[in-house]
Amino acid sequence: MSDLKGSDRQIDTDERPEMLRRQSRLQAYSEHRALLFSIAYRMLGSAADAEDMLHETFLRWQEAPDEEIRSPRAFLVTVLSRLCLQHLESARVKREEYVGEWLPEPVFTGHQSDPLGMSQMQESLSMAFLLLLEQLTPAERAAFLLHEVFDYDYDDIAEIIGKNGANCRQLVRRARQHVNSGRPRFKPSPEEHKRLLDEFLAATSTGNMQNLVSLLSDEVVLYSDGGGKQRAALNPIYGPDRVARFLVGAGKKTQAGISVRIEDVNGQPAIVYSPPTGGIGCIISLQSDGGVIRDIYVVTNPDKLREVPAYLSNPFQGGTQEW
């Protein structure tokens, strides 16, 4: 019995401080997890990769000496951002080997996943915005997101990504110019976007070519991501006639019993198709400009759709600047 009591005293005197430290670290990490996920997803365009970066950030957070931590939030954001930068460098090689078009991994952003005000940052989650970010260098992407979306000042960004303030200003300036040049001329209202989506769904469901073409811009482009695992166009499809023929043809090949619903995906209403066996088989998102559809994004890659429902409970949180 005395040995057991001695063991209890050993835990109290030697292990409890470390246990309390880890509990405190866990609590601090939990407080900032939504922000970290929000940054990582926009940096990487993949919820799965974002989760990997958060896991590695947590491990480094747990092992970091106390003297290295002046602010838990600053430490966590710095570690995460640098991990994402490293990942983006390696991801560029993988993207070059990707079969067909690469599109961001969709995430649901409906009311269930928005208790903390994600709707204030909706546009920075859109497929169109994330694809514009893909054309930036990793450093431009990190600096632009931290400054324009999450409202970090240049000195903080310089410390996070390891560059000086003047370089960060240049990175943000170049990124802003590029992003602005690729944005639509007219930002649609939520009502207009929903109207176009409903009319698009009706036209594709009935195979009405004339109605479908009337909804499409003369410069419309369709991007389709099957990852080499599901039917998809390997290259972008340009022009209203070719895009309409592709969509109507795909609709004719759709299996019987498939269900269709509209959900908020990446901050906007999108069309979600589910096979009779359950799960998600396809998500279609639209980008409009001047009352017509300019870009169509079709994701059928099962690797990007398998875990989508899991993120219904993942809140997005960060700055308040809207894009």
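Owing to the predicted nature of the structure, the values given are computational and were not obtained by experimental measurement. Numbering of residues begins at 1 and proceeds along the displayed sequence.
- Applying the side-chain contact (heavy atoms from CB on, under 4.5 Å) criterion to R169, with sequence neighbours excluded, gives Y154.
- For S288, the side-chain contact (heavy atoms from CB on, under 4.5 Å) criterion is met by P188, H193, L196, not counting sequence neighbours.
- Pairs engaging residues 233-249 under the side chain to side chain donor-acceptor pair (under 3.5 Å) rule: none recorded [sequence neighbours left out].
- Qualifying side-chain contact (heavy atoms from CB on, under 4.5 Å) partners for I160, counting only residues two or more places apart in sequence or in other chains: V77, T78, S81, L146, Y152.
- For E192, there are no salt bridge (Lys or Arg N to Asp or Glu O under 4.0 Å) partners at least two apart in sequence or on another chain.
- A salt bridge is absent between E191 and R195: the closest approach of a Lys/Arg side-chain nitrogen to an acidic carboxylate oxygen does not fall below 4.0 angstrom.
- Counting all heavy atoms, side chain and backbone alike, P104 lies closest to M127 at O-CE, 3.4 Å.
- When hydrophobic side chains of Ile, Leu, Val, Met, Phe, Trp and Tyr are connected at separations under 4.5 Å, L234 ends up clustered with V99.
- Ring geometry, Y297 versus Y223: the interplanar angle falls under 30°, so the pair is classed parallel (tilted spans 30 to 60°).
- For the salt bridge (Lys or Arg N to Asp or Glu O under 4.0 Å) condition, the pairs that include at least one residue of residues 127-146, sequence neighbours left out, are R95-E134, E134-R141, E140-R174.
- Scored by the salt bridge (Lys or Arg N to Asp or Glu O under 4.0 Å) test, R173 finds no partners at all (sequence neighbours excluded).
- Partners of S181 according to the side-chain contact (heavy atoms from CB on, under 4.5 Å) rule, which considers only residues two or more places apart in sequence or in another chain, do not exist here.
- V213 forms part of no hydrophobic cluster, judged by ILVMFWY side-chain heavy-atom separations under 4.5 Å.
- The line from SG of C84 to CG of D49 is 9.0 Å long, rounded to the nearest 0.5 Å.
- Note on residues 205-218: pairs passing side chain to side chain donor-acceptor pair (under 3.5 Å), not counting sequence neighbours, are S217-E219.
- For V292 against L216, the heavy-atom pair with the smallest separation is CB-C, 4.2 Å.
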Show the atom names and distances, to 0.1 Å, of all donor-acceptor pairs under 3.5 Å that link a side chain in residues 271-279 to residues at least two apart or in another chain.
unit_1, atom_1, unit_2, atom_2, d
S274, OG, R261, NH1, 3.0
S274, OG, G279, O, 2.8

